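Heads up: the structure comes next, in structure tokens.
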Amino acid sequence: PSFVKEINANLDSENIQVLPSTNPFVKIDIVAKQPETVPFYEVKSGELVIKSAKRKIQSGTVSVKVYIPKNHRFQAIYIKTKDGNVEVHRQYAKKIDIETDRGNIILNGIETKKTYVETKHGEAKILDLTSDYASIELYRHDLIIDKIKTAELSIETTSGNIKAERIQTEKLSVDSTCGDISLNFTSPISKNSSVYTKKGDVKIYMPKNSWCRYITSSKHGKFDNDFGSLDLNIKFTIESKNGNVSIIKK
């Protein structure tokens, strides 16, 4: 494993999983119905490179599993697919960058400095992520977060709901065109933050000690704030053009 510093996978319609292992070596398992559809892979200059075979395949007919020894730390994990699903479980890396056009993404038990997640026509699930900075972009479908801890979190969606639980972040930025937003914080924010959706309801669940200046607005909906109006330096702006806004004290 000491020879593998990065994973760089550029795939078409293959599903790929990066998994922890008790085995002391990096191992790759590939399931393909035809030999000519087996992806190419090699380790070169500390980089594990995985590429699609030249022959086109049907979505989901080829799967790649990369087993990594437990506690191995990467410099970076780059995974890009066209139609394939991506799962990364219990990995350490300075940077993780996951991008897919029509696949789903799952991150679980990840520790990293920087995280970038982008899917155009798929769903994203963040089950457990610790990162100094995290950027999540979805164009369609929903974003589900079960647990996230980060200094700065940026979320951008075009069409789809956002449901996030157990959020711990100093600074938050959410920009949504269409979709309901539900955010449940385990700790107060400490820097200016904002949540915006053009069309959809917004519900913010905050701990009792979350004292900041809440600025709420809704052009064609109602807004409620359990914390009232406070004149403090830290600002939390929540806005919906066509929906209700609620800030709920837990």
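Model, not experiment: these values are computed from the prediction.
- Residues Ser187 and Pro207 approach most closely at N-CG, 3.8 Å, considering heavy atoms.
- Using a 4.5 Å cut-off on side-chain heavy atoms (C-beta onward), Ile110 and Val88 make contact.
- In this structure, the side chain of Asn8 does not engage the main chain of Val49 through any donor-acceptor pair within 3.5 Å.
- Defined by atom type and a distance below 3.5 Å, a donor-acceptor pair is present between the side-chain atoms of Glu87 and His89.
- Rounding to the nearest 0.5 angstrom, the gap separating the CD1 atom in Ile148 from the CG atom in Asp128 is 9.5 Å.
- Residues Tyr41 and Leu11 share a single hydrophobic cluster, defined by chaining ILVMFWY side chains whose heavy atoms lie under 4.5 Å apart.
- Within the 4.5 Å cutoff, no side-chain heavy atoms of Glu165 are placed close to those of Tyr205.
- Nearest approach of Ile30 to Pro39, heavy atoms of both residues: CG2-CD, 3.7 Å.
- Taking CD1 of Ile145 as the reference point, atom CD1 of Ile126 lies at 6.0 Å (rounded to 0.5 Å).
- Between the OG1 atom in Thr158 and the NE2 atom in His121 there is a gap of 9.5 Å [rounded to 0.5 Å].
- Closest of all the heavy-atom pairs between Ala124 and Thr119 is CB-CG2, 4.4 Å.
- Taking the side chain as every heavy atom from C-beta outward, Thr115 and Leu107 approach each other to under 4.5 Å.
- Around atom NZ of Lys27, no more than 12 heavy atoms belonging to other residues, nucleotides or ligands sit under 6.0 Å away.
- Taking 4.5 Å as the limit, every side-chain heavy atom of Ser246 sits out of range of all side-chain heavy atoms of Phe223.
- Residues Ile238 and Tyr214 are in side-chain contact: their nearest non-hydrogen atoms beyond the backbone lie under 4.5 Å apart.
- In terms of heavy atoms, Glu170 sits closest to Ser193 at O-OG, 4.1 Å.
- A chain of hydrophobic side-chain contacts below 4.5 Å, direct or via other Ile, Leu, Val, Met, Phe, Trp or Tyr residues, connects Ile234 to Leu183.
- Of all heavy-atom pairs between Lys70 and Pro20, the closest is CG-CB, 4.2 Å.
- Formation of a donor-acceptor pair under 3.5 Å by the Ser52 side chain with backbone atoms of Asp12 is found in this model.
- In terms of modelled atom types and a separation under 3.5 Å, the side chain of Asp142 and the main chain of Asn161 share a donor-acceptor contact.
- A side-chain donor-acceptor contact under 3.5 Å links Asn15 to the backbone of Asn85.
- Side-chain contact of Ser154 with Ser173: a donor-acceptor pair under 3.5 Å is absent, judged by distance alone.
- Residue Leu138 holds its CG atom at 9.0 Å from CD1 of Ile155, rounded to the nearest 0.5 Å.
- Contact detail for Thr100 and Gly103: the closest heavy-atom pair is OG1-N, 3.0 Å.
- Salt-bridge check for Asp132 with Lys113: passed, with a basic side-chain N closer than 4.0 Å to an acidic carboxylate O.
- Heavy atoms of other residues, nucleotides or ligands lying less than 6.0 angstrom from NZ of Lys114 number 12 at most.
- Judged by distance alone, the side chain of Asn244 and the main-chain N or O of Val202 form no donor-acceptor pair under 3.5 Å.
- Interatomic distance, Ser13 OG to Lys82 NZ, rounded to the nearest 0.5 Å: 6.5 Å.
- A donor-acceptor pair is defined here as one N or O able to donate and one able to accept, closer than 3.5 Å; such a pair exists between the side chain of Asn192 and the backbone of Lys235.
- Residues Pro69 and Ser21 form no side-chain contact, since every pair of their non-hydrogen atoms from C-beta on lies 4.5 Å or further apart.
- A side chain to side chain donor-acceptor pair (under 3.5 Å) with Asn184 is found for one member of Arg166, Lys250, Lys203, Lys163 and no other, namely Lys250.
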Stepwise side chain to side chain contact (heavy atoms under 4.5 Å, CB included) check, Ile7 with Val18: CA-CA 10 Å; Ile7 295 178; Val18 181; 4.2 Å; yes
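- Tyr78 has its side chain within reach of Lys95: a pair of non-hydrogen atoms, C-beta onward, lies under 4.5 Å apart.
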Verdict with supporting geometry, Leu172 and Val174, side chain to side chain contact (heavy atoms under 4.5 Å, CB included): CA-CA 7 Å; Leu172 173 69; Val174 178; 3.7 Å; yes
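- Between the Ser182 side chain and the Ala164 main chain, no donor and acceptor come within less than 3.5 Å of each other.
- Under the 4.5 Å side-chain heavy-atom criterion for Ile, Leu, Val, Met, Phe, Trp and Tyr, Ile248 and Phe185 are members of distinct hydrophobic clusters.
- Under the 6.0 Å distance and 45° angle rule, Lys94 does not count as a cation-pi partner of Phe74.
- One hydrophobic cluster, built from ILVMFWY side chains closer than 4.5 Å, holds both Val43 and Ile77.
- Atom OG1 of Thr169 is separated from atom CD1 of Ile189 by 9.0 Å, given to the nearest 0.5 angstrom.
- Residues Thr112 and Ser131 have side chains that never bring a donor and an acceptor to within less than 3.5 angstrom of each other.
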Trace of the side chain to side chain contact (heavy atoms under 4.5 Å, CB included) decision for Glu123 with Ile144: CA-CA 8 Å; Glu123 184 180 74; Ile144 298 172; 4.3 Å; yes
Intermediate values then yes/no, side chain to side chain contact (heavy atoms under 4.5 Å, CB included), Leu129 and Lys149: CA-CA 6 Å; Leu129 171 65; Lys149 181 180 179 181; over 6 Å; no
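- Looking at Pro188 and Asn209, their side chains come closer than 4.5 Å, going by heavy atoms from C-beta outward.
- Grouping the Ile, Leu, Val, Met, Phe, Trp and Tyr side chains by contacts below 4.5 angstrom, directly or via other members, places Val4 with Ile28.
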